[in-house]
Amino acid sequence: MTSDTTHGTGQSAFGTGGTAAEVLTGIDLTGRTAVVTGGYSGLGLAATRALAGARARVVIPARRPDAAEHVLADTPGVEVDRLDLADVNSVRAFAERFRRRHATLDILIANAGIMACPETRVGPGWEAQFATNHLGHYALTQLLWPALTAAGAARVVSVASGYSADQRIRWDDPQFSRGYDKWAAYAQSKLANILFARHLDRLGGPYGVRAFSVNPGYILTPLQRHLTVDEMVAAGWIDAEGKPAPGLFTTPEQGAATLVWAATSRELDGHGGDYCADCRILDGGPTDDGEASRLWTLSANLTGLDLVH
């Protein structure tokens with residue numbers, strides 16, 4: 001949700017204002033398979049429609065499959081399946097079904113997430129934002145690893161948020177068991193998304209699996225469902241009448257542009273582990289490989305999954 005002001009390198013032909021469909025103009029993804037978590041709402045829906053429009057087969061894991069099928073009824077080339085990212089057993093079951101139906105996975109967009117929710121515990125007592133936004137996607141990637149490597153040249157896109165250099169993983173209490181702060185927990189989960197992509201790329205590069213993290217910018221989507229109007233007014237996002245602050249927000253289609261750019265652009269051939277926004281690589285993202293490796297080890301210990309080597 002929060003934006004970032006760091007400058008970028010590798011300026012692409014697209015920038016602020018471009019849409020996901022425009023990024024994929026002239027690109028034919030026939031024969032490619034993509035998985036987009038949260039692909040039936042907000043950013044994910046925009047990415048799904050753009051990828052399907054470029055003839056990719058798009059698989060949508062959904063906690064509410066009936067709702068996903070209703071939203072995507074008019075989008076050809078889409079397959080919906082059940083998945084609860086907060087439940088590792090559900091992730092495992094989805095991955096097993098996927099691998100029975102699809103030999104390869106070319107694109108994984110880890111987009112689904114929750115933001116600033118009341119304190120909620122899932123699974124073995126995990127904090128819900130860390131579990132859903134990070135651990136669920138970590139487990140999903142682990143369990144889909146054979147399909148990613150079988151593609152020969154796959155990409156994983158981790159949808160993060162803004163980043164500031166003072167952000168840290170709360171190593172002594174990552175589950176916020178001592179004093180829950182909904183915004184600190186959200187920021188930690190989004191930092192985890194960035195660090196995850198960095199370490200995944202380090203491990204996956206030799207297998208042709210490259211990973212990127214993306215800051216989509218300010219977008220009004222169902223992600224804000226846990227916030228009150230007063231909170232959004234106080235943050236300067238909307239006015240008292242509920243109207244968005246002028247010039248602050250982009251559309252889901254614009255926000256999804258960097259997601260599909262990171263997933264498909266030939267400009268990124270030879271790159272990986274980078275933090276991106278506005279269809280370019282940003283300078284100033286986290287580069288501490290030690291922190292990324294430490295998070296990977298923590299995630300492996302929590303989920304019991306460490307299949308990517």
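Side chains are part of it too, since the values below use all heavy atoms of this structure and drop only hydrogens, waters and symmetry mates.
- Residues satisfying the salt bridge (Lys or Arg N to Asp or Glu O under 4.0 Å) criterion with Arg178, sequence neighbours excluded, are Asp172.
- For the pair Thr30 and Arg57, the minimum side-chain heavy-atom distance is 4.5 Å or more.
- Side chain of Thr264 to main chain of Val260: a donor-acceptor pair is present (N/O by atom type, distance under 3.5 Å, no hydrogens or angles).
- In this structure, the side chain of Asp274 engages the main chain of Gly272 through a donor-acceptor pair within 3.5 Å.
- Remark: Tyr40 OH to Ile60 CD1 distance equals 10.0 Å, nearest 0.5 Å.
- Looking at Asn133 and Ser189, their side chains do bring a donor and an acceptor atom within 3.5 Å of each other.
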Could you list the donor-acceptor pairs under 3.5 angstrom formed between side-chain atoms of residues 45-55 and any protein atom two or more places apart in sequence or on another chain?
| residue | atom | partner | partner atom | Å |
| --- | --- | --- | --- | --- |
| Thr48 | OG1 | Gly39 | O | 2.9 |
| Thr48 | OG1 | Gly44 | O | 2.9 |

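- Using modelled atom types, one finds no donor on one side chain facing an acceptor on the other under 3.5 Å when comparing Glu22 with Trp261.
- Between Val35 and Pro61, some side-chain heavy-atom pair lies under the 4.5 Å cut-off.
- Contact record, Tyr207 with Thr149: CB-CG2, 3.8 Å, taken as the closest heavy-atom pair.
- Interatomic distance, CZ of Arg198 versus CG of Asn193, reported as 15.0 Å (0.5 Å rounding).
- Considering every non-hydrogen atom in both Cys279 and Val23, the closest pair reads SG-CG2, 4.1 Å.
- Remark: the Ser158 side chain and the His137 side chain contain no N/O donor-acceptor pair separated by less than 3.5 Å.
- Contacts of Arg121 classified as salt bridge (Lys or Arg N to Asp or Glu O under 4.0 Å), with partners at least two apart in sequence or in another chain: Glu119.
- Here Arg100 pairs with Glu96, Arg97 under the side-chain contact (heavy atoms from CB on, under 4.5 Å) rule; sequence neighbours left out.
- Sorted by first and then second residue, the salt bridge (Lys or Arg N to Asp or Glu O under 4.0 Å) pairs with a member in residues 127-151 form an empty list; sequence neighbours excluded.
- In this structure, the side chains of Pro216 and Leu259 come closer than 4.5 Å at one or more pairs of heavy atoms.
- In this structure the side chain of His134 reaches within 4.5 angstrom of the side chain of Ser299, judged on heavy atoms.
- When the salt bridge (Lys or Arg N to Asp or Glu O under 4.0 Å) test is applied to Asp201, the partners found at least two apart in sequence or on another chain are Arg210.
- With sequence neighbours excluded, no residue forms a ring-ring contact (aromatic ring centres under 6.0 Å, His included) with Phe176.
- Minimum heavy-atom separation, Asn215 to Ala277: O-CB, 3.5 Å.
- By the neighbour-count criterion of 12 heavy atoms within 6.0 Å, atom CZ of Arg32 is sparsely surrounded, having that number or fewer from other residues, nucleotides or ligands.
- Judged by distance alone, the side chain of Glu69 and the main-chain N or O of Val80 form no donor-acceptor pair under 3.5 Å.
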Can Leu200 and Val156 be said to form a side-chain contact (heavy atoms from CB on, under 4.5 Å), step by step? CA-CA 9 Å; Leu200 176 62; Val156 178; 3.8 Å; yes
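- Not a single donor-acceptor pair under 3.5 Å links the side chain of Ser90 to the backbone N or O of Ala86.
- Here the straight-line distance linking atom CG of Asp81 with atom CZ of Phe98 works out to 10.0 Å at 0.5 Å rounding.
- Annotation for Ser213 and Ala197: closest pair N-CB, 3.9 Å, computed over non-hydrogen atoms.
- Arg170 is linked by a salt bridge (Lys or Arg N to Asp or Glu O under 4.0 Å) to Asp173, counting only residues two or more places apart in sequence or in another chain.
- The shortest side-chain heavy-atom distance between Leu143 and Thr141 does not fall under the 4.5 Å cut-off.
- Note that CG of Leu135 and OG1 of Thr132 are 9.0 Å apart. Values are rounded to the nearest 0.5 Å.
- For the pair Gly204 and Trp145, the tightest heavy-atom approach, listed with the atom from each and the gap, is CA-CH2, 3.6 Å.
- In this structure, the ring-ring contact (aromatic ring centres under 6.0 Å, His included) partners of Trp296, at least two apart in sequence or on a different chain, are Tyr138, Phe196, His199.
- Rounding to the nearest 0.5 angstrom, the gap separating the CG atom in Asp84 from the CG atom in Asn89 is 10.5 Å.
- A donor-acceptor pair under 3.5 Å links the side-chain atoms of Gln142 to the main chain of Val308, judged by distance alone.
- Applying the side chain to side chain donor-acceptor pair (under 3.5 Å) test to His102 and every residue at least two apart in sequence or in another chain returns Glu79.
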List, one per line, each side-chain donor-acceptor pair under 3.5 Å for residues 103-118, sequence neighbours excluded.
| residue | atom | partner | partner atom | Å |
| --- | --- | --- | --- | --- |
| Asp106 | OD2 | Thr33 | N | 2.8 |
| Asn111 | ND2 | Thr37 | O | 3.0 |
| Asn111 | ND2 | Gly38 | O | 3.4 |

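- Arg294 contributes atom CZ, which lies 11.5 Å from atom CG of Leu195 (distance to the nearest 0.5 angstrom).
- Here the side chain of Thr258 pairs a donor or acceptor atom with the backbone of Asp278 at under 3.5 angstrom.
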Can you list the steps and then say if Phe94 with Leu140 is a side-chain contact (heavy atoms from CB on, under 4.5 Å)? CA-CA 9 Å; Phe94 165 79; Leu140 181 63; 3.6 Å; yes
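- If you chain together hydrophobic residues whose side chains sit under 4.5 Å apart, Leu298 and Leu307 fall into the same group.
- Residue pairs that meet the salt bridge (Lys or Arg N to Asp or Glu O under 4.0 Å) test with at least one member in residues 144-156, sequence neighbours left out, are Arg155-Asp269.
- Gln175 places a side-chain heavy atom less than 4.5 Å from the side chain of Phe130.
- Of all heavy-atom pairs spanning Ala185 and Gln129, the tightest one is CB-NE2, 3.7 Å.
- A heavy-atom distance below 4.5 Å is not found between the side chains of Leu305 and Val91.
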